[in-house]
Protein chains: 2
Amino acid sequence: MTDIESTDVHRAWLPPEVWRAIGSRHTLVSGTGLLVDTVAAEVQRAAARHGGTLRRTTETPDQAPADLVLALTATLPGRRPPAAGPGVDLAALGALGPEGYVVARHGAATVLLADAPAGLLYGLFHLVRLGETAFSGAAAFSGAAAPDSAAAFGPPRVFRPAMARRMLDHWDNVDVHPVMGQVERGYSGGSIFWRDGAPAAGRSRITAYARLLAACGINAVSVNNVNVHATEARLLTDRLDDVADLADLLRPYGIRVHLAVTFAAPVVLGGLPTADPHDPAVRHWWAQTTRRVYARLPDFGGYLVKADSEGQPGPFSYGRDHADGANLLADALAPEGGVVHWRAFVYNHRQDWRDRRTDRARAAYDHFAPLDGRFRDNVIVQVKHGPVDFQTREPVSPVVAAMPGTRLAVELQVTQEYTGQQKHVCHLAPWWSEILRFAPWGADGRTVADVAADGGGLVAVSNVGDDPFWTGHPLAQANLYAFGRLAWDPRLDPSALLDEWIDLTFDPARSADPQLLRRTLHEIMDDSWRTYERYTAPLGVGFMVRPGHHYGPDVDGYEYTAWGTYHFADRDGVGVDRTRATGTGFTGQYPSPWSEVYESLDRCPDELLLFFHHVPYHHVLHSGRTVAQHIYDTHFDGVAEVAAMCRRWERLAGLVDPALHARVTERLAEQLRCAREWCDQVNAYFHRKSGVPDAQGRPLH
Amino acid sequence: MTDIESTDVHRAWLPPEVWRAIGSRHTLVSGTGLLVDTVAAEVQRAAARHGGTLRRTTETPDQAPADLVLALTATLPGRRPPAAGPGVDLAALGALGPEGYVVARHGAATVLLADAPAGLLYGLFHLVRLGETAFSGAAAFSGAAAPDSAAAFGPPRVFRPAMARRMLDHWDNVDVHPVMGQVERGYSGGSIFWRDGAPAAGRSRITAYARLLAACGINAVSVNNVNVHATEARLLTDRLDDVADLADLLRPYGIRVHLAVTFAAPVVLGGLPTADPHDPAVRHWWAQTTRRVYARLPDFGGYLVKADSEGQPGPFSYGRDHADGANLLADALAPEGGVVHWRAFVYNHRQDWRDRRTDRARAAYDHFAPLDGRFRDNVIVQVKHGPVDFQTREPVSPVVAAMPGTRLAVELQVTQEYTGQQKHVCHLAPWWSEILRFAPWGADGRTVADVAADGGGLVAVSNVGDDPFWTGHPLAQANLYAFGRLAWDPRLDPSALLDEWIDLTFDPARSADPQLLRRTLHEIMDDSWRTYERYTAPLGVGFMVRPGHHYGPDVDGYEYTAWGTYHFADRDGVGVDRTRATGTGFTGQYPSPWSEVYESLDRCPDELLLFFHHVPYHHVLHSGRTVAQHIYDTHFDGVAEVAAMCRRWERLAGLVDPALHARVTERLAEQLRCAREWCDQVNAYFHRKSGVPDAQGRPLH
């Protein structure tokens, strides 16, 4: 194995110190398999550094004393650990599954058992998170914020992921795209996978990446952009070896590789005259091609497809629908055990801004809901969390509640395309937590997380690049971490998760002022998404960003374009009427109670008001403020909060790595500049349009 | 000489047919020199095609009969042509100068005499324009629209250019710039000079280009972008051979090469620690470097510099002013007889949009007027015609009237950066004619053309690329042609000039319907600049284009940027207050009477109202309409006029080359689409903001 600790990039949430508790113990690892080898190598490396020992057996563990036992249950007679006592009755716990594990204190030892090697790997990282607590009889073996984390030394506890697939989509191009660059919507330098048309150098970096992903629970990666250009299309065929090489690097950490493919592949790669899903030659081509993929790469995950969307080819070209399209690929993948992730992000991107009846928010539902029940079992319809496009605030997509007969995956965006592009601190876990906990059928019903867990899992667009801090903004690492952890367990409390990330990454306990470091980082990050929301587009109206790059304010930037993202501000009011009564009828795509809540001007939550309603500037919100005054107040507040972030960060000089401190300082200065720009432009825009003065008399320009 | 008629590009205003009158005659060419050779070769080529003959002598012409005599006066004893009669008394006409010529009918012959070879070349193209008329006793030997064109067969007439230097600046990059491409603000494909970092192939194309330029009177070309990037900087030193190669191709048509250089050259090329104009080592470097340039290229024209502008380096970095900077280069050029064109386009491009006191329009005057009298004689301060940046409508720059002790060149923009990017028909000659005839000191005073003629001449940014029609839009050729002709004689009537171009380019006389062809082309083009003005930014307010590429509408596109180009529209009114009374004081930069005219809300011309004043939407224009209604009306009118253009063009199918017809048809469709977009967006913007309904009830969105 590559020595992944020798890379010169930031260690993120796996600095060597986090291994101290395990590395200073006598550990026994029992079992065989690639991932058991990974576990043993990790323990060995930690022991070498911190003075512990590792013993390995591939059969029944001996009874020699150990502080820590990591064992596959298959190595245990009767599934009972060495010197088993009443504390660990595996039989009572049932099957742990392919990734589950059980942890217990057993005599003087901590015991981690799993049915499969992946469980041992995830369990190991669980113990890393616990640190010394893992060896203290007084501690509970729970996640940072599992519901019963208050339990003291209790019975053995079982951990299984909520989602079977916890996936990152890399929008990395193989060639440098003339407009989008090496990584589309990437804000962290180049790609760690590709460079200038070839595989990127730095294989140890990819291994280090896989290790970080495993440590937060991610188990699948799609390695190329969903907008599949000419070179990237060939990863499926004559450049498959490049994909296999990546898979070799990711596999030791339990990560399967998926590939974004173009629906036009039979034409552009196969030389066929059509890509029509009903054409037998097309079906044959996909079957043959897929067979070759699996022959080279038996644990290949499957395909990811963006079809009939923003210029990508798709089944509409042949008069077919998206069930026809997705099933074509699913049928090719089924014999090999693969899945196709088929994105529901389909809309008309050549809309006429003059036409107020067409509503982009309706598009995914209108295209996909009627197809419910027609998709194969190995089709996963991948739905963006909101109906538009990863805005700072959107309602949950009604598609989530509309396809009970279809496996759905929910797609989040870790890369901060619309949330500050890793120049702004914008900690997204609270937003994702809101989304995952949202109950489309009302408070007592299933949640978004339940739908994803029962379906295709959770997917996110990656924010990682070849930047020394991985994510451009060092604090943006927390978004990647939180995504993995929430995909494993959506019930985790985002605030506790933030502390978990801080403790791993910054090791406050060993700093000169643990309290200050931990509290300050928490204060800067915890509410930063809402801060971002305050100084950008107000009340759920969305966009107002510069076209093309999507950074910085441009209130009318998309107002007269073909992209379907409008705010309709005039001298009297602002917002999009999406009601059934007088608007586009989008509210009717929701089940009760949201269908009625969103329809109602009185009941609609303030933060989504302008997403659903066009209201006059003097409309009074639930908060008691008018819309105009709300805009002014939140924008000034948002800037003040960023200024406070900057002051707080200054206090951390000397408490964190100087290079990291300097990087964040530089980004915060840009965030403050940009937040002021947002504030002043949005306020000036609405002041010039509405004529409403600020109640506090602040300058509106 | 390359056979320039074998190129596969469009012949523009020199199709073979225009040579018929000359080519069918017996011609005598007398004199020596490179340009006399060019003249002889042109006549020879024409004669070979049309059945005439050429005789050449290098000494006194013999008395053998000829229909046409082209002779240098030096070859004539007593400066009298062969068989001289009373009609040609050269002594009485005085010196013709380096480019002047005299034409006369003399017995049965047409006689063209010049003191220098260049005069013979320009005279030859004069005869080309005249065609058969040149050989008819009844015709006047005048330009298309010289004031006394009504004169019949009169005395010999002398033609001399109004401007000594008639120059095109190519904004061509040697390397493909990642944002700006091969040609900055180029809308005609790649560069004819450069391609992907190297000289472009296709030398015959460059010769053909030189010939077209000579035929419209241009005599100088700057061969690279004023934004001088790394590779382009080296044209001055180790890539000088590339420049010399271009000069070899342009020289036979009387065109001198100039080079855009970076002020930082002593640092980036010379390895000096500074480019400070007062530093002796810097002065020495420029002197040495310039000496080497002239050693390689003795007829090199000089340097062109964009300094301290939009990120380019300049004297400000060293605490020096622009006289210091320009004189530095002038001193290096003076011993070699070269000039430096020093652009006055200096302004703060990092302005705060909140600050209404800073006014970009003031910048050139504020920077340069105080320096008047301090520039060397071989410095030409190159002033954009308007105070901002080549907008569709601007007042004339007050700098033109502010520097009596400085040689000024006036810069126009032939490339249609802000006027439709050669997708729109926008014939600019009427606009340029207005500018050149403008009298900054009042109706009885000198004109802009006079200032340029007495100073550094007329310069324009080229619109040519490697497109088969030269200019993307075939009808945009007329802009290039008109620029050259107006630089030669600014008094030419733009409407007559348009007909001159139509007659040369389309040869209506030989078409199936001469009347229809000529009239229709004239109708489409003559008022097209005003049509463009009608459907774009209203009343001189400028911009409202998409940031970056500057094509298509974006009313607020620059409103909250650092570029200093604002319209300040709010719910009550629109426009920039540049008065002395209440605004930025820009009106005070003009001499009387314009200082008072522009200051006065009552006297300010409608078409510049919003450039000088912020007015309420209900303000009544001289036209009797309110500002709001004017906006609506002109925008609807502009679209209707483009629709009419399209219909007119359809009628020409079969009367013009099918490929050209198809190209224009395609462009007109885009123009109509874009004009509608401008109309609807501008109208919607002002309707939403003002609430004023259209008096005619048309849809405003």
Side-chain angles (χ1 to χ4, degrees), chain A residues 176-182 350 352-357 544-549 551-562 566-575 614 616-617 628 673-674 676-693 698-701, chain B residues 176-182 350 352-357 544-549 551-562 566-575 614 616-617 628 673-674 676-693 698-701:
Chain A
V176 176
H177 186 271
V179 177
M180 290 301 177
Q182 188 78 69
R350 300 187 186 281
D352 186 342
W353 58 269
R354 301 162 190 82
D355 161 26
R356 296 207 184 187
R357 300 304 305 175
M544 302 191 169
V545 292
R546 276 265 148 181
H549 60 57
Y551 183 76
D554 187 347
V555 178
D556 268 0
Y558 278 98
E559 191 59 16
Y560 303 96
T561 73
Y566 315 116
H567 55 63
F568 300 124
D570 60 23
R571 73 199 318 257
D572 301 314
V574 58
H614 186 94
Y617 294 116
R673 182 205 66 75
C674 189
R676 284 189 177 128
E677 210 52 52
W678 268 101
C679 169
D680 287 351
Q681 289 194 32
V682 170
N683 284 350
Y685 181 95
F686 284 107
H687 178 244
R688 290 186 191 181
K689 215 146 203 169
S690 71
V692 177
R698 293 163 290 196
L700 296 175
H701 306 290
Chain B
V176 176
H177 186 272
V179 176
M180 291 301 177
Q182 189 78 68
R350 299 188 186 282
D352 187 342
W353 58 268
R354 301 163 191 82
D355 162 25
R356 297 208 184 185
R357 299 303 305 173
M544 302 192 167
V545 292
R546 276 265 147 180
H549 59 58
Y551 183 76
D554 187 347
V555 179
D556 268 1
Y558 278 98
E559 191 59 17
Y560 303 96
T561 72
Y566 315 117
H567 54 64
F568 300 124
D570 61 22
R571 74 198 319 258
D572 302 314
V574 59
H614 186 94
Y617 295 116
R673 182 205 66 76
C674 189
R676 283 188 178 130
E677 210 52 53
W678 268 101
C679 169
D680 288 350
Q681 289 194 32
V682 170
N683 284 350
Y685 181 94
F686 284 107
H687 178 244
R688 290 186 191 181
K689 214 147 203 167
S690 71
V692 177
R698 293 163 291 195
L700 296 173
H701 308 289

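Just so it is clear, the model here is predicted, and its values are computed rather than measured. Letters A, B, ... are given to chains in the order of the sequence lines, protein chains preceding strands, and every chain is numbered from 1.
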Quiz item: If you measure from NE2 on A:His701 to CZ on B:Phe568, what distance do you get to the nearest 0.5 Å?
Solution: 12.0 Å

Quiz item: In Å and rounded to the nearest 0.5 Å, what is the OH to CZ distance from B:Tyr560 to A:Arg546?
Solution: 11.0 Å

Quiz item: If you count the non-hydrogen atoms of other residues, nucleotides and ligands that lie under 6.0 Å from CZ in A:Arg698, is the total more than 12?
Solution: yes

Quiz item: Under a 4.5 Å heavy-atom cutoff, which of A:Gly552, A:Ala684, A:Pro178 has the most pairs with chain B?
Solution: A:Ala684

Self-check item: Side-chain donor/acceptor of B:Arg571 to backbone N/O of A:Arg688, under 3.5 Å
Solution: no

Quiz prompt | Under 4.5 Å from any heavy atom of chain A - which part of B:Ala569 | solution = backbone

Quiz prompt | Interatomic distance, B:Arg354 atom CZ to A:Gln681 atom CD [nearest 0.5 angstrom] | solution = 7.5 Å

Quiz prompt | Which atoms of B:Glu559 approach chain A - backbone, side chain, both or neither, heavy atom under 4.5 Å | solution = side chain

Practice problem: Measure distances from B:Thr561 to the heavy atoms of chain A and classify the residue's part below 4.5 Å as side chain, backbone, both or neither. | Solution: side chain

Quiz item: Given the options B:Ser690, B:Gly557, B:Gly548, B:Pro547, which has more heavy-atom pairs under 4.5 Å with chain A than any of the others?
Solution: B:Ser690

Self-check item: Shortest non-hydrogen separation from A:Asp680 to B:Trp353 and the atoms involved
Solution: O-CH2, 3.4 Å

